[in-house]
Peer 1: 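If you scroll down you'll find the structure; I have some questions about it.
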Amino acid sequence: MDKLTYYLQLIQVIMEYNFREIDRKWQSFWKEHHIYNVDIDRHRPKYYVLDMFPYPSGAGLHVGHPLGYIASDIYSRFKRLQGFNVLHPMGYDAYGLPAEQYAIQTGQHPAITTEKNIARYREQMDKIGFSYDWNREVRTCEPNYYKWTQWAFIQMFNHYYDLRIQKAQPIEKLIHAFEINGTQGVEAACSEEMSFTAKEWSNKSVAEQRDILMNYRIAYKADTMVNWCPTLGTVLANDEVSEGVSIRGGHPVEQRNMSQWSLRVSAYAQRLLDGLAKLAWSDSLKETQKNWIGRSEGAEMQFSIANMDEKMTIFTTRPDTIFGVTFMVLAPESEWVAKLTTDEQQPEVTAYLDATKKKTERERIADKRVSGVFSGAYAVNPANGQNIPIWISDYVLAGYGTGAIMAVPAHDARDYAFAKNFNLPIIPVIEGCDVSHESFDAKEGILTNSGFLNGLNVKEAIAKAKEYIITNQIGRVKINFRLRDAIFSRQRYWGEPFPIYYKDRQPYTLDEAKLPLKLPEVSSYLPTEHGEPPLGRAANWQTEDGFPLELNTMPGFAGSSAYYLRYMDPHNDTVLVSKEADEYWRNVDLYIGGTEHATGHLIYSRFWNKFLFDLGIVCEDEPFQKLINQGMIQGRSNFVYRIKDSNIFVSINLKDAYETTPIHVDVNIVHNDILDIEAFKKWNPEYKTAEFILEDGKYICGWAVEKMSKSMYNVVNPDDIVEKYGADTLRLYEMFLGPLEQSKPWDTNGIDGVHRFLKKLWNLFWKEDTMAVSDETPTLEEWKALHKLLKKVKYDIENFSFNTSVSAFMICVNELTTLKCNKRAILEPLLITLNPFAPHISEELWHRLGHKDDESICNATWLEADEKYLQEDVVTYAISFNGKVRYQLSLPADMPNDKVEITVLESDQAQKWLEGKTPKKVIVVPKKIVNIVI
RNA sequence: GCCCGAAUGGUGGAAUCGGUAGACACGCAGGACUUAAAAUCCUGUGGCCAUUGCGGCUGUGUGGGUUCAAGUCCCACUUCGGGUACCA
């Protein structure tokens, strides 16, 4: 290489956009200068932007994870430039099943794996240039964090929910009420309705009283039907189960009656529902939560049992159909089954119960066949005094309503199928409906065969029936919720220990001063020989006084329910969050995360927050004001086509001539669907000797959209993208891919366009080999290009339309390139506007413009668009005839409509299209279009 | 079954209040530069017809409707995606 060439190449390096150097330089600058650390500042308005913190899995981040983080980072930086004091923290949801399962397999302590994974996540995130305040990091598995999870649990144990004032109250208030009036006048959320006098209460033993209180505590332990997963060896909450299998791992789940800790989330059902109204969440997410909460208005009705004193209570939303009731159905688990079954029916009932018990939840769902058994007993219809048989069937759920229903086969599809199967009578009570082939389920029509309800429409009949129920004291109006209490125990190791010990078999909470109760070491992460959870292996797992501690641990959602509060005041050792921090930061203004948490975390967090709100710990009733669900990033797989029984691969457009098998190929050795043949040969020894049939000298791969997974070889690592193109290209490209909320496949094709844009931007600042930025006054065209951008980008950021703002930047830079603009007055505002999207290159160029060494563009001021540059003197009208655009016409922007009409009609072109006819009508839309109707 | 969302070139997508469909990119084709490649730059690029010029027709999943004007609003349907489910 001669000297000249060497010199030229050196210059090339200096003036070229060297993203690796720039990324490295500014990432360490931001860190050293604590640019992203925030504190309470009463002189500036706050803004809280939160990402759903990740579970640090062993696989590391793939290119889909940062999508939401980049969006929230852009928004944070934008708000910051606008003068807000922005809280933008990050942490780790560190307790979880995978680390524990890995521990079981390898003996490696989950803490070690977790620590390692966190380090990897952090390294990956750092490379993308996020503006997180890492001083505020939280990890749910750290004692100084889970201390407050345990603390909150103690508060829930020591409170009950008063339904009259719709608020959590100290349990002492309830005890006081019991002492004075018994249950008289008490309206509290509970597992089971109770009734006793003050005298009866005071005659009870301490243990009995504590048992009763357990019925009211917000965190309570009780025998309940739970989702038991034998494979995972633990119980699961409803949101952790879907279609009868566990969400994690897809293992079968069965129903079991077990004594478990639960949180009385159901007490807050109405408030959780009402609270949705004032939240800026998507309609679909609100809808999902509404369905999950599942409010249904109806009535509880008591049915007498023939030859028995007790009355059985059922829940129905259709009390109007009472005259159509022809039988009753009990859930197999109902306590009434044992009470009602006659001796004669006993063998049949027992057989049915056994068969039902054996089936897993999944089998029960899959099995659509109608099954059931007659109990031998009869109930009395309170409306007409008729005796009706009581059946037992698993289509009635023990956990909803009262576990018993009145069956109206004419107007309920399930009752109908049951009645047909067992030949039970079907009595229609709506005029004119045909129930010979199917039930009539619609809530409309006029009542018939229904005594005092005859002639009323369904709506009126429901009201009248409820009235009847109340006046005749055969029941009450009742609102039922689908939302269940959250099962809070897990028979696992890697979770928060409960701050609970047992004395005389009664659970007691630890003294708050003893928190945190640290997770002990265990010899193995498996259950004990006696079937106890892994904590049963911990040595000395007891209080100082020798009382045994709880062996269960808390579920995954425990630690994630209040983490947003802890970020406000992460190092506080005396309270969860100080009054000062809470009253300043209040709640999350913008929350970005996946839609998979709609019925889990987002319900639990809202519940947890409302509870703390009742206690006066937090000042906002709802934790997340605005919420954006970023779409899922799917994988885009590539295929090569191997000719059968050979090691020859044929390019996609030639493959039809052969019999081929598609084989997944690693997307990282494919660029723009063209296979890197050398890399392919090295990729797998099997392909070392592979031969290829090419088209135009290239091997073109097929592709398909699939889930991003290792087995499909379509996982793209953000590190690789950053290494190849730089962090700013990754950030811009992820946004450019499409609308934030839409699911889309990751396709690296196209990333070059974004990278080219950054190079073009870079080149605006250079002439030959030197920085060349002038201080001249910009031309009107240059001003216009800039202010168009300022307006567009602000609008787009506020509407989370980041893909269109990236294209606005491209348009602006293209225009400035055409104009050969190198004016500081244009380029500097451009950099500030671009900063939220591409913080590295904007910081670099901003400094090259001469800003002080210790300053950062992150602290610059956002520029507002000035309309005076956007005014147009001349606008182009589209001239259309009968709705078809024929040509354009430039006219002064301020020309009044009538003048426009005259000018257009007088023009030669218009005469041509009019063909001598007189227009019937002319519509002028100012500054846009003229439509001439002939 | 019920609820929600979506469907636009070869590809990702744009069209903010019913007003010029296809912005911005990718890809592709042609060209410039180069020994060559890469990089870069220029031109073209929904389809069909015509290209000797102007151009013309058609086009946003399907069918209908409202309107001077519909990707956008209404009705019916198809397909795909997501949520949820014996919830009485």
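Residue numbers start from 1 in every chain, and the chains themselves are labelled A, B, ... in the order their sequence lines are given, proteins ahead of strands.
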Peer 1: Does A:Gln742 put a side-chain nitrogen or oxygen below 4.0 Å from OP1 or OP2 of B:rG5?
Peer 2: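 No, outside the criterion.
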Peer 1: Look at the side-chain N and O atoms of A:Lys759 and state whether any lies under 4.0 Å from the OP1 or OP2 oxygen of B:rU40.
Peer 2: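 It does, given that an N or O in the side chain of A:Lys759 lies less than 4.0 Å from OP1 or OP2 of B:rU40.
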Peer 1: Compare side-chain N and O positions of A:Lys921 against OP1 and OP2 of B:rC68 and report whether any pair is under 4.0 Å apart.
Peer 2: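 So the side chain of A:Lys921 is within the cut-off, an N or O lying under 4.0 Å from OP1 or OP2 of B:rC68.
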Peer 1: Can you tell me, in whole Å, how much space there is between the C1' of B:rU79 and that of B:rG61?
Peer 2: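 Result for the C1' pair: 8 Å, nearest Å.
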Peer 1: Looking at A:Lys792 and B:rU16, is any side-chain donor or acceptor paired with a base atom of the opposite kind under 3.5 Å?
Peer 2: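 Counting by modelled atom types and ignoring angles, a donor-acceptor contact under 3.5 Å is found here.
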Peer 1: From the options B:rA88, B:rG19, B:rA25, select the nucleotide whose nearest atom is closest to the side chain of A:Met810.
Peer 2: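 Nearest listed nucleotide: B:rA25.
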Peer 1: NA contact type, A:Tyr795, heavy-atom cut-off 4.0 Å: base, sugar-phosphate, or nothing?
Peer 2: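 Base: the residue A:Tyr795, judged by heavy atoms under 4.0 Å, touches a nucleobase.
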Peer 1: Taking syn as any angle within 90 degrees of 0 and anti as the rest, which one fits B:rC17?
Peer 2: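 Syn, angle within 90° of zero.
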Peer 1: Can a side chain N or O of A:Lys884 be found less than 4.0 Å away from OP1 or OP2 on B:rU58?
Peer 2: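 Yes, A:Lys884 has a side-chain N/O under 4.0 Å of OP1/OP2 on B:rU58.
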Peer 1: Side chain of A:Ser807: nearest nucleotide among B:rC68, B:rC86, B:rC24?
Peer 2: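 Nucleotide nearest to A:Ser807's side chain: B:rC24.
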Peer 1: Can you find a heavy atom in the side chain of A:Ile677 that is under 4.5 Å from one in the side chain of A:Leu694?
Peer 2: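 Yes; the side chains approach each other to less than 4.5 Å.
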Peer 1: Roughly, in whole Å, what's the span from CZ in A:Phe757 to P in B:rG12?
Peer 2: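 Answer to the nearest Å: 23 Å.
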Peer 1: Measure the distance from CD1 on A:Ile929 to C1' on B:rU72 and round it to the nearest whole Å.
Peer 2: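 For the pair A:Ile929 CD1 and B:rU72 C1', the rounded distance is 15 Å.
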Peer 1: Using a cut-off of less than 4.0 Å, is there contact between a side-chain N or O of A:Arg756 and OP1 or OP2 of B:rC26?
Peer 2: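 Looking at the OP1 and OP2 atoms of B:rC26, one of them is under 4.0 Å from a side-chain N or O of A:Arg756.
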Peer 1: When you get a sec, tell me which of B:rC87, B:rA69, B:rA88 is the closest nucleotide to the side chain of A:Val396?
Peer 2: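 Nearest to the side chain of A:Val396 among the choices is B:rA88.
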Peer 1: Please check if the side chain of A:Asn882 supplies one atom and the backbone of A:Ile934 the other of a donor-acceptor pair under 3.5 Å.
Peer 2: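 Here the side-chain-to-backbone pair exists.
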Peer 1: Rounded to the Å, how far apart are A:Lys928 NZ and B:rU20 P?
Peer 2: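 So the two atoms are 8 Å apart, to the nearest Å.
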Peer 1: Which value, in whole Å, describes the distance between the P atoms of nucleotides B:rC54 and B:rU67?
Peer 2: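 Rounded to whole Å, the distance is 38 Å.
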Peer 1: Go through A:Asn799 and A:Ser801 one step at a time and tell me if the side chain to side chain donor-acceptor pair (under 3.5 Å) criterion holds.
Peer 2: CA-CA 5 Å; A:Asn799 289 282; A:Ser801 177; over 6 Å; no
Peer 1: Could you tell me how far apart A:His755 (NE2) and B:rC26 (P) are, to the nearest whole angstrom?
Peer 2: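 Computing the A:His755:NE2 to B:rC26:P distance gives 13 Å.
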Peer 1: Measuring from the side chain of A:Thr288 (C-beta onward, heavy atoms only), which nucleotide among B:rC86, B:rG83, B:rA21 has the closest atom?
Peer 2: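 The listed nucleotide nearest to A:Thr288's side chain is B:rG83.
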Peer 1: In this structure, how many angstroms lie between the P atom of B:rG13 and the NZ atom of A:Lys744, rounded?
Peer 2: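 In whole Å, B:rG13 P lies 8 Å from A:Lys744 NZ.
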Peer 1: For the pair made of CG in A:Asp412 and P in B:rC86, what is the distance, rounded to whole Å?
Peer 2: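 To the nearest whole Å, that distance equals 14 Å.
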Peer 1: What's A:Asn803 touching, base or sugar-phosphate or nothing? Going by heavy atoms closer than 4.0 Å.
Peer 2: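 Answer is sugar-phosphate: A:Asn803 comes under 4.0 Å of backbone atoms only.
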Peer 1: Taking the side chain as everything from C-beta on, heavy atoms only, tell me whether A:Lys794 gets closer than 4.5 Å to A:Glu798.
Peer 2: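 Sidechains of A:Glu798 and A:Lys794: in contact.
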Peer 1: Looking only at atom C1', what distance separates B:rA14 and B:rG65, rounded to whole Å?
Peer 2: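 That atom pair is separated by 28 Å.
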Peer 1: Measuring from the side chain of A:Phe736 (C-beta onward, heavy atoms only), which nucleotide among B:rC24, B:rA88, B:rA85 has the closest atom?
Peer 2: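 Of all the options, the side chain of A:Phe736 is nearest to B:rC24.
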Peer 1: Of all the choices, B:rU20, B:rC4, B:rU84, which nucleotide is nearest to the side chain of A:Glu287 once you look at every atom?
Peer 2: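 Closest nucleotide among those given: B:rC4.
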Peer 1: Atom NZ of A:Lys920 to atom P of B:rC68: distance rounded to whole Å?
Peer 2: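 That distance rounds to 11 Å.
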Peer 1: Using OP1 and OP2 only, check whether a side-chain N or O of A:Tyr877 sits under 4.0 Å from B:rU20.
Peer 2: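 For B:rU20, OP1/OP2 do not have a side-chain N/O of A:Tyr877 under 4.0 Å.
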Peer 1: Please measure how far the C1' atom in B:rU60 lies from the corresponding atom in B:rU72, and state the result in whole Å.
Peer 2: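 Result for the C1' pair: 10 Å, nearest Å.
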Peer 1: Say you pick atom C1' in B:rU58 and the same atom in B:rA21; how far apart are they, in whole Å?
Peer 2: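 13 Å, rounded to whole Å.
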Peer 1: Report the base-pairing partner of B:rG5 (Watson-Crick or G-U wobble, both distances below 3.5 angstrom), or none.
Peer 2: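 The answer is B:rC80, by the H-bond criterion.
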Peer 1: For A:Thr876, which contact category applies under a 4.0 Å heavy-atom criterion: base, sugar-phosphate, or nothing?
Peer 2: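 Here A:Thr876 touches the bases of the nucleic acid.
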Peer 1: Taking a pair as Watson-Crick or G-U wobble with both distances under 3.5 Å, which nucleotide is matched to B:rG59?
Peer 2: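 Paired with no nucleotide.
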Peer 1: Write down the distance separating the P atoms in B:rC4 and B:rC73, rounded off to the nearest Å.
Peer 2: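 Taking atom P in both B:rC4 and B:rC73, they lie 15 Å apart.
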Peer 1: With a 3.5 Å limit on both atom pairs, tell me what B:rG10 is paired to, counting Watson-Crick and G-U wobble, or say none.
Peer 2: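 Pair assignment: B:rG10 / B:rC26.
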Peer 1: Taking for each residue the nucleotide of RNA chain B bearing the nearest heavy atom, is the 5' side occupied by A:Ile674 or by A:Ala808?
Peer 2: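 Between the two, 5'-proximity favours A:Ala808.
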Peer 1: Starting at atom CG of A:Leu273, determine the distance to atom C1' of B:rC87, rounded to an integer number of angstrom.
Peer 2: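 Result: 15 Å.
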Peer 1: Indicate yes or no: at least one non-hydrogen side-chain atom of A:Asn749 is less than 4.5 angstrom from one of A:Arg636.
Peer 2: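 A:Asn749 reaches A:Arg636 side chain to side chain.
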Peer 1: Using atom types as modelled and distance alone, determine if a side-chain donor or acceptor of A:Tyr416 lies under 3.5 Å from a backbone N or O of A:Val435.
Peer 2: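 Judged by distance alone, yes, a pair lies under 3.5 Å.
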Peer 1: Whom does B:rC33 pair with, Watson-Crick or G-U wobble, provided both distances fall under 3.5 Å?
Peer 2: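 Pair assignment: B:rC33 / none.
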Peer 1: Considering only side-chain heavy atoms of A:Arg484, which listed nucleotide, B:rC68, B:rA25, B:rC87, is closest?
Peer 2: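 Side chain of A:Arg484 sits closest to B:rC87.
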Peer 1: May I ask you to test the A:Tyr725-A:Asp752 pair for a side-chain heavy-atom distance under 4.5 Å?
Peer 2: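 They are in contact (side-chain heavy atoms under 4.5 Å apart), so the answer is yes.
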Peer 1: On RNA chain B, does the nearest nucleotide to A:Val933 precede the nearest nucleotide to A:Ile811 from the 5' side, or the other way round? Give the residue.
Peer 2: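 Upstream on the strand: A:Ile811.
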Peer 1: Counting any heavy atom closer than 4.0 Å, what does A:Asn814 reach on the DNA or RNA strands: base, sugar-phosphate only, or nothing?
Peer 2: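 Answer is sugar-phosphate: A:Asn814 comes under 4.0 Å of backbone atoms only.
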Peer 1: Is B:rG9 in the syn or the anti form, by the rule that syn lies within 90° of 0?
Peer 2: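 Syn, since the glycosidic angle lies within 90° of 0.
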Peer 1: How would you label the contact of A:Phe809 with the nucleic acid (heavy atoms, under 4.0 Å): base, sugar-phosphate, or nothing?
Peer 2: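 The answer is nothing, as A:Phe809 stays clear of every strand by at least 4.0 Å.
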Peer 1: When rounded to the nearest 0.5 angstrom, what distance separates CG in A:Leu602 from CH2 in A:Trp292?
Peer 2: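 One finds 12.5 Å between CG of A:Leu602 and CH2 of A:Trp292.
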Peer 1: In whole Å, measure the gap between the C1' atoms of B:rG19 and B:rG81 for me.
Peer 2: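 To the nearest whole Å, 32 Å.
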Peer 1: Base, sugar-phosphate or nothing for A:Leu737? Non-hydrogen atoms, less than 4.0 Å.
Peer 2: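 Sugar-phosphate contact only.
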Peer 1: At 4.0 Å (heavy atoms only), tell me whether A:Pro739 reaches a base, stays on the sugar-phosphate, or touches nothing.
Peer 2: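 The answer is sugar-phosphate, as A:Pro739 gets under 4.0 Å only of primed atoms, P, OP1 or OP2.
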Peer 1: Can you find a side chain N or O atom of A:Arg886 that sits less than 4.0 Å from OP1 or OP2 on B:rU20?
Peer 2: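 False: A:Arg886 side-chain N/O out of range (4.0 Å or more) of B:rU20 OP1/OP2.
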Peer 1: The test is side chain to side chain donor-acceptor pair (under 3.5 Å); show your working for A:Asp485 and A:Ser266 and say whether it passes.
Peer 2: CA-CA 5 Å; A:Asp485 287 347; A:Ser266 62; 2.5 Å; yes
Peer 1: With rounding to whole Å, what would you report as the distance between B:rC42 and B:rC33 at their P atoms?
Peer 2: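 Pairwise P distance, B:rC42 against B:rC33, rounds to 16 Å.
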